[in-house]
Amino acid sequence: MNTNRLSKTIAAALNVQMTKEAHASQIYLSYAAWAGRQGFGGIANFLFRHAQEERNHMMKILEYILKRGAEVKVIAIPAPLENPASINNCFEKIFGHEVDNTKAVYKLVKLSQEEEDWATWNFMQWFVKEQVEEETLAMNLLDKMKIAGGEKMSSNALYSFDRDMEKTSDEVRPAQDVTTVNP
Ligand code: OFO
């Protein structure tokens with residue numbers, strides 16, 4: 001008896017997204033190592049924690065594929081992108097990456113809608129919400145840096161930014177969640 005509850009197309013798309021999350025984790029990991037090497041321990045700490053978060057996203061998809069009775073395909077993860085040119089550039093790249101991942105998540109939502117796979121559509125809503133959080137987080141950090149001078153941030157400003165990042169949570173709760181989900 002066939003107990004697979006995912007279509008071939010959806011299973012393939014979920015496997016691609018699973019690898020994309022693993023790739024995101026590697027990117028954060030490589031940026032964290034780069035920041036650490038430059039002496040920015042706070043930023044490195046933040047990025048290491050975020051690398052772990054992306055890995056958790058990968059696991060979330062892996063577990064969902066298994067739960068729906070389909071096959072998980074663990075394949076090679078593409079190498080991370082080249083190192084950033086500066087701390088400002090690091091967060092610009094991160095923002096760009098998050099927007100790119102949001103587009104991939106939307107594609108999966110669209111596909112599940114077209115196939116009327118409401119379980120997958122519902123599962124993917126978690127990622128839609130998560131991407132809003134991650135884009136907001138990156139945007140807020142870029143705004144902070146812009147106020148502090150952007151590419152022209154002084155050593156003092158960079159020092160304080162790095163120190164703040166040590167304690168910065170890697171999650172933000174958008175107001176819409178505070179009011180509708182967790183009042
Ligand atoms: Fe997996 O959330 Fe960022 O990319």
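Atoms within a ligand are numbered from 1 in the order they appear, just like the ligands themselves.
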In terms of ring plane angle, is the pair Phe91 and Phe46 parallel, tilted or perpendicular, where the classes change at 30° and 60°?
tilted
Is there a donor-acceptor pair under 3.5 Å between the side chain of Asn122 and the backbone N or O of Trp118?
no
Is Glu53 close enough to atom 1 (Fe) of ligand 1 to have an N, O or S atom under 2.8 Å?
no
Are the side chains of Ile43 and Tyr31 in touch, meaning some heavy atoms are under 4.5 Å apart?
no
Atom indices of ligand 1 within 4.0 angstrom of Glu98 heavy atoms, with elements:
2 (O), 3 (Fe), 4 (O)
Enumerate the atoms of ligand 1 whose separation from the nearest heavy atom of Asn101 is less than 4.0 angstrom.
1 (Fe), 2 (O), 4 (O)
Of the backbone and side-chain N, O or S atoms of Glu54, does one lie nearer to atom 1 (Fe) of ligand 1 than 2.8 Å?
yes
Test item: Ser25 side-chain N/O and Glu21 main-chain N/O as donor-acceptor pair under 3.5 Å
no
Give the cluster check for Ile87 versus Leu29: same hydrophobic cluster or not, with ILVMFWY residues linked at side-chain heavy-atom distances below 4.5 Å.
no
Can you sort out which atoms of ligand 1 are near His57, meaning under 4.0 Å from one of its heavy atoms?
1 (Fe), 2 (O)
First locate atom CD of Gln17, then atom CZ of Phe127, and finally report the distance between them rounded to the nearest 0.5 Å.
7.0 Å
What do you reckon, does Gln131 have a nitrogen or oxygen under 3.5 Å from a nitrogen or oxygen of ligand 1?
yes
Which atom, among the N/O/S set of Glu21, is closest to atom 1 (Fe) of ligand 1?
OE1
At a threshold of 2.8 Å, where the distance has to be below it, does atom 3 (Fe) of ligand 1 have an N, O or S atom of Glu134 nearby?
yes
With side chains defined as the heavy atoms from C-beta onward, is the minimum distance between Met124 and Tyr106 less than 4.5 Å?
no
Compute the minimum heavy-atom distance from His97 to ligand 1 and say whether it is under 4.0 Å.
yes
